S.K.: 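Below are the structure tokens for one structure; questions will follow.
The structure presented is a predicted model; accordingly, all values stated were derived computationally and were not measured. The first residue of the sequence shown is numbered 1, and numbering continues consecutively from there.
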Amino acid sequence: MNSKGSGGSAAIIGKNGIPGVALKILGFTAILGFLGLMFAPVLMSDNAVLRTAMNTALLAGAGALYFSLGAGKGEDDCKADFTRAKAKAIKRDSAVEPPVYSRSRTMLGALLGVSPFIALGVIVAAAARPYAYSLQDLPSWMGAYTRQPDVGRALAYYNREIITPITDWLRIAVRFAILPFVYLIASLGDSASLLLDRISPLLMLPLPACYAIGYLTGPARFDKTRKFIESVKSKPRMRLKKKVREQRKRRDERNQLI
């Protein structure tokens with residue numbers, strides 16, 4: 001009995017529990033980022049209408065996918081609990097196992113799945129500063145002129161070694177996780193890019209929230225599916241009962257004639 005209980009607990013904390021949900025959310029976040037890179041020429045179009053339409057469509061499609069995945073997971077968990085309840089009714093001595101369907105575990109898993117990007121986003125948001133102009137690299141043909149003292153001293157500022165701060169590398173990872181929002185907002189200028197840095201942690205929440213909301217519809221979906229299956233199964237029985245009644249009625253009518 002203890003082994004059965006421990007097996008149920010292992011299933012809940014395994015691929016069907018918090019780690020499973022977290023890995024799923026993390027994986028789909030990465031997939032969305034790669035899709036954003038693959039279709040960057042279209043998603044970064046100079047045409048504002050096309051750019052807005054394509055990025056909105058990508059976000060809507062991703063939200064629908066997350067919702068569908070969450071709803072399917074919720075329905076499967078409710079089905080597992082229903083099956084266990086039926087088995088327990090037959091075997092009264094079966095081990096008590098925790099329910100598979102759990103709103104809290106799913107929401108925690110969804111939050112954990114995106115938490116690495118949220119943590120990076122918080123760092124970037126805290127370090128965000130207004131964008132400043134930086135000098136560009138000198139063209140190669142200027143090399144000969146820089147050797148002349150009068151020209152070289154004036155251009156010495158261009159030859160300073162610039163070290164990329166760590167926040168710039170973190171910003172790349174953060175924006176990878178929210179590329180559709182980046183394409184929508186960052187194209188509006190430096191002020192929009194600054195705003196994007198400051199609200200980036202919040203922009204990582206809508207899609208995992210769609211998964212969690214979809215999961216909440218699991219019980220209703222399972223009840224609807226179960227009632228449909230029961231109605232389909234009941235139709236042959238109803239037809240059989242009707243046929244038996246008709247046969248009995250005909251038999252009674254013949255007996256009355258005799």
S.K.: Got a second to check how far Thr106's OG1 is from Lys24's NZ, nearest 0.5 Å?
M.R.: 9.0 Å

S.K.: Write down the atom of Gly109, the atom of Val21, and the distance for their closest heavy-atom approach.
M.R.: C-CG1, 3.7 Å

S.K.: Under a 4.0 Å threshold between the charged nitrogen and the carboxylate oxygen, would Arg175 count as salt-bridged to Asp197?
M.R.: yes

S.K.: Check the angle between the aromatic planes of Phe34 and Phe176 and answer parallel, tilted or perpendicular using the 30° and 60° thresholds.
M.R.: perpendicular

S.K.: Could you tell me which non-hydrogen atom of Leu43 sits nearest to which non-hydrogen atom of Met54, and how far apart they are?
M.R.: CD2-CB, 3.8 Å

S.K.: Looking at every non-hydrogen atom in both residues, tell me the closest pair between Phe117 and Ala177 and how far apart they are.
M.R.: CD2-CB, 3.6 Å

S.K.: For Phe82, what are the other residues in its hydrophobic cluster, where any two members join if their side-chain heavy atoms are less than 4.5 angstrom apart?
M.R.: Phe222

S.K.: Under 3.5 Å, is there a donor-acceptor pair between the side chain of Ser68 and the main chain of Leu65?
M.R.: no

S.K.: Do Leu205 and Ile199 land in one hydrophobic cluster if side-chain heavy atoms of ILVMFWY residues count as linked below 4.5 Å?
M.R.: yes

S.K.: Which pair of heavy atoms, one from Val174 and one from Gly121, lies closest together, and at what distance?
M.R.: CG2-N, 3.5 Å

S.K.: Check whether Ser102 reaches the backbone of Arg105 with its side chain - one donor and one acceptor, N or O, closer than 3.5 Å.
M.R.: yes

S.K.: Name all residues meeting the salt bridge (charged side-chain N to carboxylate O under 4.0 Å, His left out) criterion together with Asp81; count only those two or more places apart in sequence or in a different chain, and write none if there are none.
M.R.: none

S.K.: How many angstroms lie between CZ in Arg51 and CG in Leu184, if you round to the nearest 0.5 Å?
M.R.: 7.5 Å

S.K.: State, yes or no, whether a side-chain contact exists between Leu216 and Met107 at a heavy-atom distance under 4.5 Å.
M.R.: yes

S.K.: Donor-acceptor pair, Asn55 side chain versus Tyr183 backbone, under 3.5 Å?
M.R.: no

S.K.: Using the rule that two of Ile, Leu, Val, Met, Phe, Trp, Tyr join whenever any of their side-chain heavy atoms come within less than 4.5 Å, decide whether Leu207 and Ile213 are in one cluster.
M.R.: no

S.K.: May I ask you to test the Leu32-Leu58 pair for a side-chain heavy-atom distance under 4.5 Å?
M.R.: yes

S.K.: Measure the SG-CG distance between Cys210 and Leu69 for me, rounded to the nearest 0.5 Å.
M.R.: 11.0 Å

S.K.: Any salt bridge linking Lys73 with Asp76? Criterion: basic side-chain nitrogen under 4.0 Å from a carboxylate oxygen.
M.R.: no

S.K.: What are the two closest heavy atoms between Ile178 and Met204, and how far apart are they?
M.R.: CG2-CG, 3.7 Å

S.K.: Rounded to the nearest 0.5 Å, what separates atom CG in Leu196 from atom CG in Leu203?
M.R.: 6.0 Å

S.K.: Identify the heavy atoms of Thr217 and Ala71 that sit nearest to each other, and give their distance.
M.R.: OG1-CB, 3.5 Å

S.K.: Taking it one step at a time, do Tyr211 and Phe28 satisfy ring-ring contact (aromatic ring centres under 6.0 Å, His included)?
M.R.: CA-CA 11 Å; Tyr211 183 92; Phe28 276 97; 8.6 Å; no

S.K.: Linking I/L/V/M/F/W/Y whenever any side-chain heavy atoms sit under 4.5 Å apart, do Val42 and Ile185 land together?
M.R.: yes

S.K.: Linking I/L/V/M/F/W/Y whenever any side-chain heavy atoms sit under 4.5 Å apart, do Phe67 and Tyr215 land together?
M.R.: no

S.K.: Do Leu59 and Val49 sit in the same hydrophobic cluster, where Ile, Leu, Val, Met, Phe, Trp and Tyr count as joined when their side-chain heavy atoms come under 4.5 Å apart?
M.R.: no

